[in-house]
Amino acid sequence: MARQLLAICGLALLSPAALAEELKSPNGQLTLNFDLQAGGVPTYRLTYKGRDVIKASKLGLELKGTTSLQSGFAQTDKQTRSFDETWQPVWGEAKTIRNHYNELAVTLTQAETQRTIRVRFRVFDDGLGFRYEFPRQPKLDYFTIKEERTQFALAGDHKAFWLPGDYDTQEYSTVTSKLSEVRGKMKAAVTPNASQTTFSPTGLQTPLMLKSQDGLYINIHEAALIDYSCMHLDLDDKNMVLESHLTPDAVGDKGLIQTPANSPWRTVIVSDKAGDILLSKLVLNLNEPTKFKDVSWIKPVKYVGVWWEMITGKSTWSYTNMDNIKLDSVDYQKVKPNGTHAANTAHVKEYIDFAAQHGFDAVLVEGWNTGWEDWFGKHKDYVFDFVTPYPDFDVAELSRYAATKGVKIIMHHETSGSVRNYERHLDEAFQFMNKYGYNAVKTGYVGDIVPLGHHHYDQWVNNHYQYVLEKAADYKIMVNGHEAVRPTGLARTYPNLIGNEAARGTEYESFGGNNADHTTILPFTRLIGGPMDYTPGIFQTKVSAYNPQNTSFVHSTLARQLALYVTMYSPLQMAADLPETYNKHLDAFQFIKDVAVDWDDTKVLEAEPGDYITYARKAKGKSSWFVGSTCDENGRTSKIDLSFLEPGKKYVATIYADSKGAHYQYNPQAYQIRKLNVTSKTKLTQLCAPGGGYAISLIEAGR
Ligand code: NOJ
Ligand code: CA
């Protein structure tokens, strides 16, 4: 207390050494140090088993038009505590999650301004989370962030799995390079997108996955991004220091904050085992528990959809071929249909029949509503109204038909980036969904955000996604957001956020292709924040089979497409290919039918970012396990043991694997299926073709 008073009065600054704080993880392997450097500059440092993860790094924020919160601080209080709880997610990779950390909160007071902030650190066994807290106070009521100046000083020129920093998209291929090579590789990494705004030749996105030369795996991201702008990282490639770079709004501001408020958590996950990064629950644990009292309406979903046929160019979202039309001047009853419109009643019924026959929960239908002729590439305020079907889509009949078959239709709201237009129609759109029995919506934000100047990842637009999520919950609707900000574990608090895109998904296999190692990286990067609607399951890997003009091919073998249901965790999984193709491969399709979408337990059997990942997961409430393995363009031999199975029990393993000679480009459909009896003592050696993988279902014998 005396120290607090002294510092507040600005009479004394204790020497930094006297104030250095240390906080250890529960198992003692991680150590966080907090210190005030000369001039009252807050810094932190993180070590793992005595090795530097983050060297002394500055903390603080630059404010607009007033003294920044970067220096001149004295430590005026500190609090520590330990926390240990186990909680159950509504859906997830494990039935229970342990949230175990030691916490240090330091209160810092700036003598010059009489302003106080708090930095709260939580050290878990798997990493560090920290955030800024801005308590309510007379001298800090409302302020504008010019830039957050959080540094992550790295201990070396690590290998990085990175995407170009961008305010509007994450739909880039991952580049694997040393950090010192980022600058030289940036230009080629910035491939075209419908909306994109890069900001620096060394700007990077999070989650950023790093590997040090001495084998430390480090992942930097954020948790609980609420009412704040999305954080990118800018690399000082001389000193290997990453610094936070927030997404600006339409006038260049980076955050409008009214106290009391908190920043999102900045997260550093670390281990000397790659698999630990995949198993980390740190980002989820730093989010608040859900306040939803009733979660019975939130359910994992396995679905098919009227989708890939449009993505490949075989069919169209639009009902006509009219170009340059103004939507409100068109009478759709009078115009000539183009004959390629997929979302028509008869065709959607075929999908519903297919879904019902094979036990799928739902059918996504895109292109059902008017307006598709009139938006792409335009910055329109009014466009879709989200309640007017094209003339050939009989919503009442389809909702009746789907209900008789026990299948849900998934709504699609392409907002065309017009955030205001969407909010304007939102209640009516959700009421329409309730009326016709839709319980999930896929949203999309293709193109620049309208109002222009805003970015997909700025504070105002992030608040929009949050508004949609909360509003959807009022209507008991689940949300799968495409082109929205990448997830930060918010699904713990809002479990109706069952999916996001926010990366290069399977659609890009039709737009030129994803790298063969893409799915060996995404679980280490994008998926650290939450599940992805990756839309796997493409068996016809030659896109030209559907659209002769499209020469793209899927950079994966067929067997690996099955593995993705296990390796790309999501409670929302699509079987993305066309029923006509699945009907030709019903033996392989069986895995997609059998695989679970919700899990009691998850193990990583083998993993190395960029090379391979093999997971085993136990189906929720069942004794069956599923294994999935994905590898890069080189192929490999995977060796696993099944010791995760319950000892003493017998299981039937069905192995869906690449045949000898399979190859993602030259021979993708060469697969073989074999069955064998196994126990927890069984060891397996399995070939993975270049760009291939395998999937195994393990069903208890007699079940
Ligand atoms: C991009 C989405 O990622 C894709 O899934 C969707 O079909 C199109 N936008 C149209 O909304
Ligand atoms: Ca997309």
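The analysis underlying the following values was restricted to heavy atoms, covering all of them including side chains, and did not include hydrogens, waters or symmetry mates. Both counts, for ligands and for their atoms, begin at 1 and track the order of listing.
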J.: Looking at H412, which atoms of ligand 1 are within less than 4.0 Å of one of its heavy atoms?
T.: 11 (O)
J.: How far is atom 5 (O) of ligand 1 from its nearest protein heavy atom, and which residue and atom name does that atom have?
T.: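 The answer is K442 NZ, 2.6 Å.
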J.: Short list, please: which atoms of ligand 1 are under 4.0 Å from a heavy atom of W372?
T.: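 By the 4.0 Å cutoff, the relevant atoms are 10 (C), 11 (O).
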J.: Contact between ligand 1 and F376 is defined here as a heavy atom of the residue under 4.0 Å from a ligand atom; is it met?
T.: no
J.: In E171, the N, O or S atom nearest to the Ca ion (ligand 2) is which?
T.: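 Nearest N/O/S atom: OE2.
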J.: Go through the steps to decide whether T206 and L233 satisfy the test side chain to side chain contact (heavy atoms under 4.5 Å, CB included), and finish with yes or no.
T.: CA-CA 7 Å; T206 80; L233 299 168; 3.6 Å; yes
J.: Do NZ/NE/NH1/NH2 and the carboxylate oxygens of R486 and E222 come within less than 4.0 Å?
T.: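 Counted as a salt bridge, because a side-chain N and a carboxylate O are separated by less than 4.0 Å.
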J.: In the protein, which heavy atom is nearest to atom 4 (C) of ligand 1, and how far is it?
T.: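 Among all protein heavy atoms, the one nearest atom 4 (C) of ligand 1 is E507 OE1, 3.2 Å.
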J.: Check whether any N or O atom of E501, backbone or side chain, sits under 3.5 Å from an N or O atom of ligand 1, and answer yes or no.
T.: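 Yes, there is a polar N/O contact under 3.5 Å.
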J.: Do F393 and W372 make the cut of ring centroids closer than 6.0 angstrom?
T.: no
J.: What part of Y445, side chain, backbone, both or neither, has a heavy atom within less than 4.0 angstrom of ligand 1?
T.: neither
J.: Verify whether the ring centers belonging to F354 and Y351 lie closer than 6.0 Å.
T.: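 That pair fails the under 6.0 Å test.
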J.: With distance as the sole criterion, is a donor-acceptor pair present between the side chains of S556 and Q561 under 3.5 Å?
T.: yes
J.: Would you mind listing which atoms of ligand 1 come within a distance below 4.0 Å of any non-hydrogen atom of E414?
T.: 9 (N), 10 (C), 11 (O)
J.: Return the name of the atom in E507, of element N, O or S, nearest to the Ca ion (ligand 2).
T.: OE2
J.: Under a 4.0 angstrom heavy-atom cut-off, which atoms of ligand 1 come close to V446?
T.: 1 (C), 9 (N)
J.: What residue and atom, counting heavy atoms only, is the protein's closest point to atom 1 (C) of ligand 1, and at what distance?
T.: E483 OE2, 2.9 Å
J.: Among Y467, Y465, F386, find the one that has a ring-ring contact (aromatic ring centres under 6.0 Å, His included) with Y422.
T.: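 Of Y467, Y465, F386, ring-ring contact (aromatic ring centres under 6.0 Å, His included) with Y422 is met by F386 alone.
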J.: Using a strict cut-off of less than 4.0 Å between a Lys/Arg side-chain nitrogen and an Asp/Glu carboxylate oxygen, indicate whether K405 and D353 qualify as a salt bridge.
T.: yes
J.: Give the atom numbers and elements of ligand 1 that come within less than 4.0 Å of a heavy atom of W307.
T.: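 This gives 4 (C), 5 (O), 6 (C), 7 (O) as the contact atoms.
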J.: For ligand 1, which atoms sit closer than 4.0 Å to a heavy atom of H482?
T.: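 Answer, ordered by atom number: 2 (C), 3 (O), 5 (O).
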J.: Kindly confirm or rule out a cation-pi arrangement of R424 over Y382, judged by NZ or CZ under 6.0 Å from the six-membered ring centre and within 45° of its axis?
T.: yes
J.: State yes or no: are the ring centers of Y445 and H464 separated by less than 6.0 Å?
T.: yes
J.: Which is it for Y475 and K471 under the side chain to side chain contact (heavy atoms under 4.5 Å, CB included) test, yes or no, and what are the steps along the way?
T.: CA-CA 7 Å; Y475 288 95; K471 187 74 105 175; 4.3 Å; yes
J.: Among protein heavy atoms, which lies nearest atom 6 (C) of ligand 1, and at what distance?
T.: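 Looking only at protein heavy atoms, the one closest to atom 6 (C) of ligand 1 is E366 OE1, 3.4 Å.
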J.: When you measure from the Ca ion (ligand 2) to each N, O or S atom of E483, which atom gives the shortest distance?
T.: OE2
